[in-house]
Amino acid sequence: MPELPEVETTRRGLAPHLVGRRVLRARVRRRRLRRPVPWALERRLPGARIEALDRRGKYLLARTDRGTLILHLGMSGSLRLVPATARPGPHDHLDLVLDDGRALRLRDPRRFGLALWTEGDPLVHPLLASLGPEPLDRRLRPGDLCARLAGRRAAIRNVLLDGRVVAGIGNIYANEALFLAGIHPARPAGRLGRDGCARLLRALRRVLRESLRAGGTTLRDFVDGSGEPGRYRLRLRVYGRAGRPCPRCGTPIRRILLGQRSAFFCPRCQR
DNA sequence: CCCGATTCCTGTAGGC
DNA sequence: TGCCTACAGGAATCGG
């Protein structure tokens, strides 16, 4: 699933190839993604020069001299550079044909992804404006995380999935970080204590960095800009491992449902 | 504001 | 072998 490490892996792989390129044409094959792909995107992108590829949470921002293309990979999306003549598959919904004979291609079988266009500051776009801090930002202090969790009674695993609290965390890294921090996924978010917040922030940063180093996690669909899957799946400690031994103490990993979504944890190591 | 349930979508796994 | 169902999940939205 494209969470922060997968989106950042995509960004790092693509940026050197995209920045400085001009878009010759935008081809939308399927308009109905999570939201309709706006017509302005096809009208305004041709002729635009890509100046930067940024990331905010799980969003990619292709900044051009005319406006910004906002992309989100949903749960099955991937972005690749392909020869402009390469035949598209059934789930290749969007191509940006570039001036170097290649095309940036968005593939998204489940169509939870997004391609939007804005000519203002993308960071104030309604989808991005309320995003919480970047977990890898050094300016984020344990006390800041604590303050954001204060008073919240929902399960910490659920609260970590809320991008307004911290940006970019999905189910895989929420579970992995809680394991490393020794925190039970159902613990009320506001009851972690200062020490718990600090351990959680440290654990989040550790799993995100580990995954980044491995090129992200591929469960099924994710590939980076050159088509390579991520290698972090092999290193997952609890996610998707119900019944298998805890890597620390050997107790079988448990799976529970927390708000209709699986949570994985070690009943002995996580309290 | 906070929280939980629901919704979108399709490929895959598992049961029979 | 083939059909059917359950499940996976990001995040907006809605109702309480």
Side-chain angles (χ1 to χ4, degrees), chain A residues 1-10 29-38 55-61 70-79 88-94 106-116 118 122 125-132 134-135 147-178 185-192 204 208 211 216-223 229-230 232-233 236 238-243 253 255-264:
Chain A
M1 314 298 148
E3 304 181 30
L4 189 154
E6 292 75 37
V7 178
E8 179 64 15
T9 295
T10 299
R29 295 196 188 78
R30 178 141 16 193
R31 192 163 299 279
R32 300 182 71 86
L33 302 184
R34 195 172 98 215
R35 296 182 171 195
V37 178
R55 180 188 59 77
R56 178 78 175 94
K58 298 173 193 169
Y59 291 89
L60 281 171
L61 306 173
I70 302 176
L71 294 166
H72 193 291
L73 300 179
M75 70 171 285
S76 61
S78 60
L79 277 173
H91 305 300
D92 291 333
H93 308 313
L94 170 68
L106 174 68
R107 169 174 300 185
D108 185 6
R110 274 163 244 189
R111 287 155 55 197
F112 279 20
L114 208 57
L116 297 175
T118 180
H125 188 282
L127 288 177
L128 289 126
S130 58
L131 281 180
E134 290 288 328
R148 291 178 162 269
L149 301 178
R152 303 197 58 156
R153 290 182 303 205
I156 180 63
R157 199 292 311 266
N158 291 355
V159 174
L160 283 175
L161 298 182
D162 184 344
R164 293 168 300 187
V165 176
V166 195
I169 309 299
N171 205 24
I172 294 175
Y173 300 107
N175 281 283
E176 293 295 306
L178 288 168
R187 175 111 67 97
R191 302 267 166 76
L192 298 195
L204 274 171
L208 295 174
S211 180
T217 302
T218 295
L219 296 181
R220 181 164 302 148
D221 301 289
F222 175 73
V223 290
Y232 197 61
R233 184 181 188 172
L236 294 177
V238 291
Y239 182 87
R241 300 180 59 82
I253 298 299
R255 180 180 91 99
I256 56 173
L257 275 185
L258 243 32
Q260 328 301 106
R261 204 137 292 176
S262 292
F264 299 91

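Just so it is clear, the structure is predicted and the values come from calculations on it, not from any experiment. A note on names: the letters A, B, ... follow the listed sequences, proteins ahead of strands, and every chain is numbered from 1.
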Report task. Using a 4.0 Å cut-off on protein heavy atoms (strictly under), produce a 5'-to-3' string for nucleotides 10-16 of chain C with B for base contact, S for backbone-only sugar-phosphate contact, and - for none. Result -> BBS----
Query raised in the report: What do the steps show when you test Y173(A) against L160(A) for side-chain contact (heavy atoms from CB on, under 4.5 Å), and what is the final call?
Result: CA-CA 9 Å; Y173(A) 300 107; L160(A) 283 175; over 6 Å; no
Report task. Might you work through the side-chain contact (heavy atoms from CB on, under 4.5 Å) test for I172(A) and Y232(A), ending with a clear yes or no? Result -> CA-CA 11 Å; I172(A) 294 175; Y232(A) 197 61; 5.7 Å; no
Query raised in the report: Cut-off 3.5 Å, side chains only: do R164(A) and S130(A) have a donor facing an acceptor?
Result: no
Report summary line: In this structure, CG of N171(A) is separated from CD of E176(A) (nearest 0.5 Å) by 10.0 Å
Query raised in the report: What is the distance from CG of L257(A) to C1' of dG9(C), rounded to the nearest Å?
Result: 13 Å
Requested in this report: Between A150(A) and G259(A), name the one whose nearest nucleotide on DNA chain B is closer to the 5' end.
Outcome: A150(A)
Report summary line: So the contacted stretch of DNA chain B, first to last nucleotide with an atom under 4.0 Å from a non-hydrogen atom of chain A, runs from dC3(B) to dT12(B)
Query raised in the report: Separation of R241(A) atom CZ from dA8(C) atom C1', in whole Å?
Result: 18 Å
Report summary line: To the nearest 0.5 Å, atom CD1 of I169(A) lies from atom NZ of K58(A) at 7.5 Å
Report task. Inspect the surroundings of CZ in R29(A) and state if more than 12 heavy atoms from other residues, nucleotides or ligands are less than 6.0 Å away. Result -> yes
Query raised in the report: Nearest heavy-atom pair of I70(A) and P122(A): which atoms, and what distance?
Result: CD1-CB, 4.4 Å
Report summary line: Heavy atoms of H93(A) and L33(A) approach each other most closely as CD2-CD2, 3.6 Å
Query raised in the report: For the helix from dC2(B)-dG16(C) to dC16(B)-dG2(C), how many degrees between its two end axes (five pairs per end), to the nearest 10°?
Result: 50°
Query raised in the report: Checking all strands, does S76(A) fall into the base, sugar-phosphate, or nothing category for heavy-atom contacts under 4.0 angstrom?
Result: nothing
Query - Test item: N175(A) side-chain N/O and F264(A) main-chain N/O as donor-acceptor pair under 3.5 Å - result: yes
Query raised in the report: Do you know which two heavy atoms are closest between P5(A) and S211(A), and how far apart they sit?
Result: CB-OG, 3.4 Å
